[in-house]
Amino acid sequence: MLLLADIAYWIVILLHVYFAVLEMALWKSRGPKLFGMTQDFANESARLASNQGLYNLFLVAALLVGFFSNTVDIGASFMTYGLGCVIVAGIWGGFTVGRKIFYVQAAPAIVAVSLRLLLIS
């Protein structure tokens, strides 16, 4: 069960690394295809997307601190905080941008948190 929880956790981390790279470096080239926007809009919104990507890196940092912390309480706190933020952001994105964001962002974090909670009980 711990292995499954760790795999789900790392999927969340890797997704957010991908989101950060996409938003900070690949927005103008990959963004239009992935999000169905014009090249002009991608060019105009690139600075906003880059800022959004930075926030994804902050989530990655919290998740990594949680995973690699030598102190159980600190690790659990960062894991819970990081996954909670991802879930809230995914729910918000699902409502404000498109349902797909919920499934790509929030759902994996919900699975990861659920597996962690099963380990505790």
Side-chain angles (χ1 to χ4, degrees):
M1 184 69 82
L2 179 60
L3 178 60
L4 285 176
D6 286 349
I7 289 170
Y9 193 79
W10 276 94
I11 288 171
V12 174
I13 291 172
L14 294 174
L15 281 170
H16 282 78
V17 168
Y18 170 73
F19 299 155
V21 171
L22 171 66
E23 292 164 349
M24 296 179 82
L26 303 174
W27 188 253
K28 293 178 188 177
S29 61
R30 301 280 300 147
K33 291 179 198 171
L34 285 173
F35 296 102
M37 61 182 147
T38 66
Q39 188 63 52
D40 286 340
F41 184 77
N43 293 341
E44 291 170 10
S45 62
R47 290 188 305 168
L48 294 170
S50 181
N51 187 53
Q52 190 170 301
L54 185 61
Y55 284 98
N56 279 306
L57 286 181
F58 294 149
L59 290 173
V60 167
L63 293 167
L64 289 173
V65 168
F67 191 83
F68 289 112
S69 177
N70 291 329
T71 306
V72 174
D73 290 344
I74 292 172
S77 295
F78 272 94
M79 287 177 142
T80 302
Y81 173 77
L83 289 173
C85 287
V86 169
I87 291 167
V88 170
I91 290 169
W92 183 253
F95 279 120
T96 61
V97 179
R99 199 174 298 159
K100 182 179 178 183
I101 290 178
F102 173 82
Y103 295 111
V104 172
Q105 186 173 4
I110 291 169
V111 169
V113 115
S114 298
L115 289 171
R116 294 259 168 222
L117 290 172
L118 284 173
L119 289 173
I120 294 170
S121 55

Q: Could you list the residues that satisfy side chain to side chain contact (heavy atoms under 4.5 Å, CB included) with Leu15, not counting sequence neighbours?
A: Ile11, Phe19, Pro108

Q: Considering residues at least two apart in sequence or located in another chain, which fulfil the side chain to side chain contact (heavy atoms under 4.5 Å, CB included) criterion with Asp6?
A: Leu2, Phe67, Arg116

Q: Can you sort out the partners of Leu14 under side chain to side chain contact (heavy atoms under 4.5 Å, CB included), two or more places apart, ordered by chain and number?
A: none

Q: Going by atom type alone, with no hydrogens or angles, which donor-acceptor pairs under 3.5 Å involve a side-chain atom of residues 85-101 and a protein atom two or more places apart or on another chain?
A:
| unit_1 | atom_1 | unit_2 | atom_2 | d |
| --- | --- | --- | --- | --- |
| Thr96 | OG1 | Trp92 | O | 2.8 |

Q: List, by chain and number, the other hydrophobic cluster members for Phe78, where Ile, Leu, Val, Met, Phe, Trp and Tyr join if side-chain heavy atoms come within less than 4.5 Å, directly or indirectly.
A: Val65, Ile74

Q: For residues Leu83 and Trp10: do they belong to one hydrophobic cluster (side chain heavy atoms under 4.5 Å, members Ile, Leu, Val, Met, Phe, Trp, Tyr)?
A: yes

Q: For the hydrophobic clusters of this structure (ILVMFWY residues joined by side-chain heavy atoms under 4.5 Å, transitively), does one cluster hold both Leu26 and Met24?
A: no

Q: Mind checking whether Leu48 and Leu34 sit in one hydrophobic cluster, side chains of I, L, V, M, F, W, Y counted as touching below 4.5 Å?
A: no

Q: Would Leu64 and Tyr81 show up in the same hydrophobic cluster when neighbours are defined by side-chain heavy atoms closer than 4.5 Å?
A: no

Q: Going from CD1 on Ile110 to CG on Leu117, what distance comes out if it is rounded to the nearest 0.5 angstrom?
A: 11.5 Å

Q: Among pairs that include at least one residue of residues 24-40, which meet side chain to side chain donor-acceptor pair (under 3.5 Å), considering only residues two or more places apart or in two chains?
A: Trp27-Ser45, Gln39-Asn43

Q: Report the distance from atom OG of Ser114 to atom CG of Leu4, rounding to the nearest 0.5 Å.
A: 12.5 Å

Q: For residues 53-60, dump all side-chain donor-acceptor pairs below 3.5 Å to protein atoms at least two apart in sequence or in another chain.
A:
| unit_1 | atom_1 | unit_2 | atom_2 | d |
| --- | --- | --- | --- | --- |
| Asn56 | ND2 | Glu23 | OE1 | 2.8 |
| Asn56 | ND2 | Gln52 | O | 3.4 |

Q: May I have all residue pairs that pass salt bridge (Lys or Arg N to Asp or Glu O under 4.0 Å) and include part of residues 52-79, sequence neighbours excluded?
A: none

Q: Are Phe68 and Val12 linked, directly or through other ILVMFWY residues, by side chains that come within less than 4.5 angstrom of each other?
A: yes

Q: For a quick test of reading the model, state the closest non-hydrogen atom pair linking Tyr9 to Leu63 and the distance between them.
A: OH-O, 2.7 Å

